[in-house]
Visitor: 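This structure is in structure tokens; I'll ask about it shortly.
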Amino acid sequence: MSLRSTIRAEIRAVWDANWPYAGIYDTIWHENAHPDTPTPGSVRHWLHAHIEFSREEMRAFGGGSLANDRLWLGAVAVRVFSESGIGEDTTLDLLSAAVVALRARRSGNLTFVGPIVGIADAARLNGAWFMRGASIPFQYRFQG
């Protein structure tokens, strides 16, 4: 398994352990997305999550070949889509729950740290969905 696959698996495990609406609101992960998004009338709210890898940094060196302390930095972008015209209270509640599911969590070498960054607040997907989103930064420590 590649390092990116390992990081994705750990992020998904943290999400699955802390997302309080599993089975109630669908979460579509970007790497597993297929072209058919929910259609208006089939669901009122759904989430799209995307793991964005930013950059790799050296934290400490001197451990020898492939034994330096390194960080892989990135963020999980979570977007909550709500059917247009139904208001945004539930949308904001779901976004808050999504941020809490990841914010300030640690699992093994994975840590969610840093400020939460807001994303566009009025985007529409084909005019059918209202969207709110946030980006939750993470770092993954490893030897390399």
Side-chain angles (χ1 to χ4, degrees), residues 1-61 63 67-144:
M1 183 183 293
S2 72
L3 182 57
R4 285 185 183 177
S5 295
T6 299
I7 295 169
R8 279 191 186 97
E10 288 196 33
I11 290 171
R12 294 282 301 270
V14 171
W15 177 265
D16 291 344
N18 295 294
W19 175 238
Y21 298 110
I24 300 170
Y25 297 106
D26 291 334
T27 302
I28 297 172
W29 287 86
H30 189 76
E31 65 269 17
N32 296 327
H34 73 60
D36 298 328
T37 58
T39 57
S42 65
V43 296
R44 298 192 71 138
H45 306 281
W46 58 279
L47 288 84
H48 178 268
H50 181 224
I51 299 167
E52 299 171 346
F53 293 95
S54 175
R55 68 187 186 278
E56 185 181 320
E57 292 183 356
M58 182 159 326
R59 204 168 83 126
F61 61 91
N68 298 310
D69 288 332
R70 303 184 75 78
L71 292 174
W72 198 301
L73 305 172
V76 178
V78 178
R79 295 168 180 92
V80 179
F81 290 88
S82 298
E83 197 171 28
S84 292
I86 63 171
E88 67 175 348
D89 288 344
T90 302
T91 307
L92 293 173
D93 290 345
L94 290 172
L95 182 60
S96 179
V99 168
V100 168
L102 297 177
R103 180 183 58 209
R105 304 271 182 190
R106 184 175 203 178
S107 175
N109 293 330
L110 175 68
T111 307
F112 287 92
V113 295
I116 307 305
V117 179
I119 300 176
D121 64 356
R124 295 184 183 269
L125 178 63
N126 299 329
W129 301 99
F130 178 80
M131 186 272 291
R132 287 283 187 151
S135 183
I136 304 113
F138 70 83
Q139 64 181 12
Y140 188 85
R141 294 177 321 278
F142 67 100
Q143 299 288 308

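Quick caveat: nothing in here was measured; it's all calculated off a predicted structure.
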Visitor: Return the CD to CG distance between E56 and L3, rounded to the nearest 0.5 Å.
Guide: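 Answer rounded to 0.5 Å: 7.5 Å.
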Visitor: Are W29 and I11 side-chain neighbours, meaning at least one heavy-atom pair lies under 4.5 Å?
Guide: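 Yes, close enough: below the 4.5 Å cut-off.
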Visitor: Looking at CG of L73 and CZ of F53, how far apart are the two atoms once the value is rounded to the nearest 0.5 Å?
Guide: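 Output value for this atom pair is 11.5 Å.
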Visitor: Whether the T111 and R141 side chains hold a donor-acceptor pair (N or O, under 3.5 Å, no angle test) is what I'd like checked.
Guide: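 Judged by distance alone, the side chains do pair up.
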Visitor: Considering residues at least two apart in sequence or located in another chain, which fulfil the side-chain contact (heavy atoms from CB on, under 4.5 Å) criterion with E10?
Guide: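 Residues passing side-chain contact (heavy atoms from CB on, under 4.5 Å) with E10: T6, S107, L110, Y140.
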Visitor: Go through it in stages, so that I can follow the logic: the residues are W19 and L47, the test is side-chain contact (heavy atoms from CB on, under 4.5 Å), and I'd like the CA-CA distance, side-chain angles, deciding distance and then a yes or no.
Guide: CA-CA 11 Å; W19 175 238; L47 288 84; 3.8 Å; yes
Visitor: In terms of the angle between their ring planes, are F142 and W72 parallel, tilted or perpendicular, with boundaries placed at 30° and 60°?
Guide: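 Rings of F142 and W72: tilted, as their planes differ by 30° to 60°.
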Visitor: Could you tell me if the side chain of V14 sits less than 4.5 Å from the side chain of F138, heavy atoms only?
Guide: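 Not in contact.
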Visitor: Can you give me the closest heavy-atom contact between V43 and W129, atom names plus distance?
Guide: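 So the two residues come closest at O-CH2, 3.4 Å.
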Visitor: If the condition is side-chain contact (heavy atoms from CB on, under 4.5 Å), which residues does R44 pass it with, not counting sequence neighbours?
Guide: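 By the side-chain contact (heavy atoms from CB on, under 4.5 Å) rule, R44 matches E83, I86.
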Visitor: Looking at OH of Y25 and OG1 of T90, how far apart are the two atoms once the value is rounded to the nearest 0.5 Å?
Guide: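 Reported value, rounded in 0.5 Å steps: 5.5 Å.
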Visitor: Just how far is it from atom CD of E52 to atom CD1 of I136, taken to the nearest 0.5 Å?
Guide: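 It comes to 10.0 Å.
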Visitor: Atom CZ in R12, atom CD1 in I51: separation rounded to 0.5 Å?
Guide: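 Rounded to the nearest 0.5 Å, the CZ-CD1 separation comes out at 7.0 Å.
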Visitor: Please state whether the rings of H48 and H50 are parallel, tilted or perpendicular, taking 30° and 60° as the class boundaries.
Guide: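 H48 vs H50 ring planes: tilted.
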Visitor: Ignoring hydrogens and angles, write down the donor-acceptor pairs under 3.5 Å from the side chains of residues 92-105, residues two or more places apart or on other chains.
Guide:
unit_1, atom_1, unit_2, atom_2, d
R105, NE, V100, O, 3.4
R105, NE, A101, O, 3.3
R105, NH1, N18, OD1, 3.2
R105, NH2, V100, O, 3.2

Visitor: Verify whether one side chain among N68 and Q143 offers a donor that lies under 3.5 Å from an acceptor in the other.
Guide: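 The criterion, which ignores hydrogens and geometry beyond distance, is not satisfied for Q143 and N68.
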Visitor: Could you measure the distance from the OG atom of S54 to the CG atom of L71? Nearest 0.5 Å is fine.
Guide: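 The CG atom of L71 is 11.5 Å from OG of S54, to the nearest 0.5 Å.
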